[in-house]
Trainee: 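There's a structure below that I have some questions on.
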Protein chains: 2
Amino acid sequence: MGVGRSSSRATIRDVATAARVSPTTVSHALNGKGRIHPRTRARIQQVAERMGYQANRLAVGLRSGRSGVQALWLPLGPDATANDTLALDYYMRLASATATAVFGHGDVVMLLPPVLEGQDLTAVAVDGAIVIDPGEGDRRIEALRALEIPCVTIERNPIDPKDPWCVTSDTGHHVECLLEHLSAQGAQRIALLVPEAFGAWAEEQRAAYRSWALDHRQERLTRPVALRPAFESALRVVRAMLRWQRPPDAIVIGAERFVPGTMRALADAGRVVPNDLLVAVAVDGNYARGSNPPLTAVDLQPERQATAAAELLRNRLDGLAPSGPRTISGILQVRTSSQRPGRRQPQTGKFLGVS
Amino acid sequence: MGVGRSSSRATIRDVATAARVSPTTVSHALNGKGRIHPRTRARIQQVAERMGYQANRLAVGLRSGRSGVQALWLPLGPDATANDTLALDYYMRLASATATAVFGHGDVVMLLPPVLEGQDLTAVAVDGAIVIDPGEGDRRIEALRALEIPCVTIERNPIDPKDPWCVTSDTGHHVECLLEHLSAQGAQRIALLVPEAFGAWAEEQRAAYRSWALDHRQERLTRPVALRPAFESALRVVRAMLRWQRPPDAIVIGAERFVPGTMRALADAGRVVPNDLLVAVAVDGNYARGSNPPLTAVDLQPERQATAAAELLRNRLDGLAPSGPRTISGILQVRTSSQRPGRRQPQTGKFLGVS
DNA sequence: CTTGTAGCACAAATCGATTTTTCAGCTCGC
DNA sequence: GCGAGCTGAAAAATCGATTTGTGCTACAAG
């Protein structure tokens, strides 16, 4: 019981005894500190290896003041359980990749419960934290700041957009690329479904669309959609769109959760994708992939985001200077929904990095 | 830097000094152990409260031999990053709920990287582990056993099906209920898409189907579908089905990942759901919810599974006798795909617990 | 011959808690 | 009046590592 096979696990003392030296010497030998005769060092290393010695993380942590644990804090509300869920598969990819990346640095990842009061957090021994999709006045950020726990965010913190300790996807640029792509496929009137108030995200989408529309002399067809209930909101908005005098001939869906509602509205109205109307999504995920037809979307590359975040956090903990916000560009997954029959098949898997 | 606000955080010594007692007395007072004058105890508790004292988990862990950390090990391969993913949203719900449940017991959850060699695990200080969907000869189980780390599984361990330390969903019963439901909606020839070799799961589905078919004098229409590539396999199998002399009038999809392929095959063949053919899924998720039309499915209730697993693990760590495998029954979410027009609308949200 | 210094290893202190043991003071009984 | 028993609290040992300071030896310089 207890930590690993605590009963049988070798301690530094055991190794010392076996190697006929003091624990001090073992510690120095294995950590390369102090002055030790090379031969002694080699011998100790061998003995430690043979005994399968691994330093007790708790003891190391206690002494060094570093627990070797990084917290991962997802933006899930208490309603993560409800049917009306966010892009859980994206978060799962992110979480899984974070665990791998942090583990690669010799630390481990702790999954913080979605809802957690700041108080409770004091009880937890964490060196740093990775906060996903911070929102306005995010309680997670506040709690961490109160406890002086260094953190790195994935996506900008709207409160402090210039915080260099963050990983960001170039949302605006993604929207621009999608518009460009749809345009190249012949779309003339492209609408954008933009989530209502969702951090810095929605704003970037809106701005990118506005500037693109201006450049291309296209009427601005942006519609805000309430995040909750996602299905009904999207359904209603798209339905309304289709009744316009001059309805759009392409739709960019700004948030994954609007996919089902949008597709339903299109199906109800008898519009066939991509023949009658092109569709693309700003965030790839199950909805986009599993839709019928599959939807063109931007893969945000959660794996690369996680890797970058883990690296930033490590730097921050090591007291290094901030290496600036890290921008992870997505990859355009072209699928049926945006390929007008007859047109030249566009390139898929295109890296959307800014040149 | 370091663990919390280590620089400023109050230790037991600080509390002792402030309360003019020894650290021993503080420890006893707060843990209710030893003999202490009630007045002294109350005073110490007040002082501790005022100073915001929280025992250092690392120190407690070192002394007690319990780290207070439970590992969560998901069945994700290195391909969790690929497009061809399993039900990531289900796992995310599970992970999130596990974090909450374990936190409720005063412990925290560590997310283990999907791929991890047994060696590396020794370095990690974990009291116990929750293993999701163990497979045949699962390396996770092996690694944990080698390190004598107690674990609880969600879904049965095919190697040791009688292991009482597990939470199981009554898969067979779920299939039975789906068949019953479809039958009540008028289906006469119900086919089952069963995943090829996926733990105890597929077997239970198959057995339940067989026995139900026997009872209802229905021809056995079971087809195994390869898990990879899920889309193409399902597509091919369903396509073939539709070309049978007497094609099925309803399909039960055994694994969520087969949904897109199935729906595509149906759409390609011009079959309209639910008018021409009824569909239901054994596992609810994004695919089932976001499909067009939305598919009737069984919500496995990952939240309840997680709660049960956390409780079982806690019991196991406390040395209690196994409280038997815990069966968590799903909830039938009736959606459009299984409601034959004209028929009485069936009850949704039905708890599938065995009476 | 003494002193200085470098090399190598160890003893002891430390991290922050818990657990075991000790101890002072007080009451009670004989 | 003296040992037994009880109460309340503190001292000391412990968990397993790291870090600081100490000591011994050998060899070179004064």
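By convention in this document, chain letters (A, B, ...) are assigned in the order of the sequence lines, proteins followed by strands, and residues within each chain are numbered from 1. As the structure is a computational prediction, the values presented were derived from the model and not from experiment.
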Trainee: Measure the distance from CG on Asn56(A) to C1' on dG16(C) and round it to the nearest whole Å.
Mentor: 14 Å
Trainee: In whole Å, what is the span from the CG atom of Leu58(A) to the P atom of dT18(D)?
Mentor: 13 Å
Trainee: Round to a whole Å and report the spacing from CZ of Arg41(B) to P of dA9(D).
Mentor: 10 Å
Trainee: Grab the CZ-P distance between Arg66(A) and dG16(C) for me, whole Å please.
Mentor: 16 Å
Trainee: When you compare the side chain of Gln301(A) with that of Ser169(A), does any pair of heavy atoms fall below 4.5 Å?
Mentor: no
Trainee: Between Arg63(A) (CZ) and dC15(C) (P), how many Å, whole number?
Mentor: 7 Å
Trainee: Under 4.0 Å: is that the gap between some side-chain N or O of Tyr53(B) and OP1 or OP2 of dA17(C)?
Mentor: yes
Trainee: On DNA chain D, compare the nucleotides closest to Arg35(B) and Lys33(A); which residue's is nearer the 5' end?
Mentor: Arg35(B)
Trainee: Hey, does Asp107(A) have a side-chain heavy atom less than 4.5 Å from the side chain of Arg314(A)?
Mentor: yes
Trainee: Specify the residues of residues 21-29 of chain B, ordered by number, for which at least one heavy atom lies under 4.0 angstrom from an atom of DNA chain C.
Mentor: Thr24(B), Ser27(B), His28(B)
Trainee: Using 0.5 Å steps for rounding, measure from the CE atom of Met92(B) to the CG atom of Leu74(A).
Mentor: 4.5 Å
Trainee: Figure out the CD1/P separation between Ile44(B) and dA9(D), and round it to whole Å.
Mentor: 8 Å
Trainee: Which part of the nucleic acid, if any, lies within reach of Ser64(A) when heavy atoms closer than 4.0 Å are counted: base, sugar-phosphate only, or nothing?
Mentor: nothing
Trainee: Is the shortest side-chain N/O distance from Asn31(A) to OP1 or OP2 of dT18(D) below 4.0 Å?
Mentor: yes
Trainee: When the distance from NE2 of His37(B) to P of dA24(C) is rounded to whole Å, what number comes out?
Mentor: 22 Å
Trainee: Considering every strand and a 4.0 Å limit on heavy-atom distances, what is the contact class for Ile36(B): base, sugar-phosphate, or nothing?
Mentor: sugar-phosphate
Trainee: Going by atom types alone, do Ser27(A) and Thr24(A) pair a side-chain donor with an acceptor below 3.5 Å?
Mentor: no
Trainee: Determine yes or no for a side-chain-to-main-chain donor-acceptor pair under 3.5 angstrom, with Ser22(B) supplying the side chain and Thr25(B) the backbone.
Mentor: yes
Trainee: Can you check whether Gln70(A) reaches His105(A) side chain to side chain, under 4.5 Å on heavy atoms?
Mentor: no
Trainee: Would you kindly say whether Tyr91(B) and Asp133(B) are connected by a side-chain donor-acceptor distance under 3.5 Å?
Mentor: yes
Trainee: Please report, rounded to the nearest Å, how far the P atom of dA9(D) is from the CZ atom of Arg39(B).
Mentor: 9 Å
